[in-house]
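Reading through the structure tokens given below for one structure.
In what follows, chains are A, B, ... by sequence order, proteins preceding strands, each numbered from 1. This structure is a prediction, so every number in the text was calculated from the model and none was measured.
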Number of protein chains: 2
Amino acid sequence: MHQSASAGHAHRGPDAIGDMLRRAGLRPTRQRAALAAILFGQGDRHVTAETLYDEARQAGVPVSLATVYNTLHQFSDAGLLRAIAVDTTRTHFDTNTGDHHHFYLEATNEVIDMPAAFIRVENLPDPPEGCEITKVDVIVRVRAVANRK
Amino acid sequence: MHQSASAGHAHRGPDAIGDMLRRAGLRPTRQRAALAAILFGQGDRHVTAETLYDEARQAGVPVSLATVYNTLHQFSDAGLLRAIAVDTTRTHFDTNTGDHHHFYLEATNEVIDMPAAFIRVENLPDPPEGCEITKVDVIVRVRAVANRK
DNA sequence: ATTTGTGCAAATCGTTTGCATCTGA
DNA sequence: TCAGATGCAAACGATTTGCACAAAT
């Protein structure tokens with residue numbers, strides 16, 4: 001233990017991650033902190049349990065896939081992440097919890113953020129009786145153009 | 001066998017279903033025709049493999065879950081159905097293949113069509129380089145209002 | 001010390017597939 | 001007849017869970 005507490009090179013400042021976790025009511029354990037560092041240390045990101053798991057392992061973080069799943073859900077529940085349903089087979093998580101939408105490249109399973117400013121959904125009908133809108137998701141599915149015409 | 005061939009009460013006319021299947025290049029077999037009748041005989045519908053399977057069995061149609069899955073995919077590939085990704089756990093299919101969007105009731109896993117006329121997505125950003133938009137899905141997630149205020 | 005998290009492996013769940021059998025044209 | 005369908009059960013991949021062990025407060 002000599003590199004975590006107060007250095008100054010972390011992408012998010014000293015113990016920002018520990019604080020973020022504590023604020024979210026989560027104990028800053030080794031793997032949680034490590035996963036959080038990967039997730040929140042470099043701008044907005046999109047991951048699936050598998051990709052985060054692989055990344056963590058490659059970074060030398062000893063963590064199990066089960067813990068990655070648990071952690072992703074804890075982070076989502078805490079509002080640090082948001083799950084997005086673009087792909088029926090895998091669950092994608094987005095570190096950008098703000099209001100925005102997505103591009104989805106079906107070919108590569110890649111999710112790309114689209115700033116909210118860029119989309120305006122007009123003329124929404126009223127929700128079914130007795131319901132209120134909780135979220136509006138716009139997914140723009142794209143495909144690589146075969147070859148130039 | 002005395003009630004299926006030519007009566008006149010089918011919701012889609014005499015052998016509309018057989019024709020629809022043939023046009024789609026699919027042989028109108030017992031289970032395919034029966035599933036098609038359930039799907040297309042009563043206006044636009046949303047089903048999952050499970051719900052369609054249950055419905056078919058209740059209707060006395062002898063069919064296996066595997067065949068329901070196969071059939072749903074054949075219908076989708078043929079353009080008779082469209083799969084929608086609202087729910088990460090299950091795949092939902094929509095008999096309305098036209099341009100429209102959806103409400104999704106998270107509480108009941110229910111999907112409700114929203115006519116295209118009602119939504120206008122404005123100010124879409126350009127797709128990532130080398131990509132073209134294949135589809136824009138808008139999902140309005142709603143929740144039952146707790147109780148009236 | 002207690003409480004909470006973690007890892008592993010086994011259990012689940014939706015979905016797909018292999019293969020022997022059956023059916024429609 | 002014979003290609004194409006169907007059913008079953010086993011295979012699968014993503015995700016969850018139970019439980020013994022380890023770490024955080």
Verdict with reasoning, Asp113(B) to His46(B), per side chain to side chain donor-acceptor pair (under 3.5 Å): CA-CA 9 Å; Asp113(B) 275 355; His46(B) 299 94; 2.7 Å; yes
Verdict with reasoning, Asp94(A) to His100(A), per side chain to side chain donor-acceptor pair (under 3.5 Å): CA-CA 11 Å; Asp94(A) 188 347; His100(A) 68 290; 2.8 Å; yes
CA sep, side-chain torsions, deciding dist, call: Asn109(A), His92(A), side chain to side chain donor-acceptor pair (under 3.5 Å): CA-CA 9 Å; Asn109(A) 273 341; His92(A) 292 257; 5.2 Å; no
Flag side-chain contact, heavy atom, 4.5 Å: Cys131(B) against Leu105(A): yes
Reading 5' to 3' through nucleotides 8-23 of chain D, protein heavy-atom contacts under 4.0 Å coded B for base, S for sugar-phosphate only, - for none: BB----SBBB------
Distance in angstrom units between Gln74(A) CD and dG5(C) C1', rounded: 8 Å
Whole-angstrom distance between dG7(C) and dA11(C), as gauged at atom C1': 16 Å
Interatomic distance, Phe75(A) CZ vs dG5(C) P [rounded to whole Å]: 11 Å
Presence of Gln31(B) side-chain N/O under 4.0 Å of dG7(D) phosphate oxygens OP1/OP2: yes
Phe103(B) backbone acceptor or donor facing Arg141(B) side chain under 3.5 Å: no
Whole-Å distance separating the CG atom of Leu21(A) from the C1' atom of dT4(C): 14 Å
Donor-acceptor under 3.5 Å (Thr67(B) side chain, Val63(B) main chain): no
Rounded interatomic separation in angstrom, taking CZ from Arg32(A) and P from dT4(C): 11 Å
Close N/O contacts between protein and nucleotides 19-21 of chain C (under 3.5 Å):
none

Main-chain N/O of Thr71(A) paired to His73(A) side chain as donor or acceptor, under 3.5 Å: no
side-chain hydrogen bond (donor to acceptor under 3.5 Å, both in side chains) against Glu132(A), all qualifying residues, sequence neighbours excluded: Arg143(B)
Separation of dT16(C) C1' from Tyr53(B) OH (nearest whole Å): 16 Å
Non-hydrogen side-chain atoms of Gln58(A) and Tyr53(A) separated by less than 4.5 Å: no
Whole angstrom value for the distance that separates P of dT3(C) from CG of Leu26(A): 19 Å
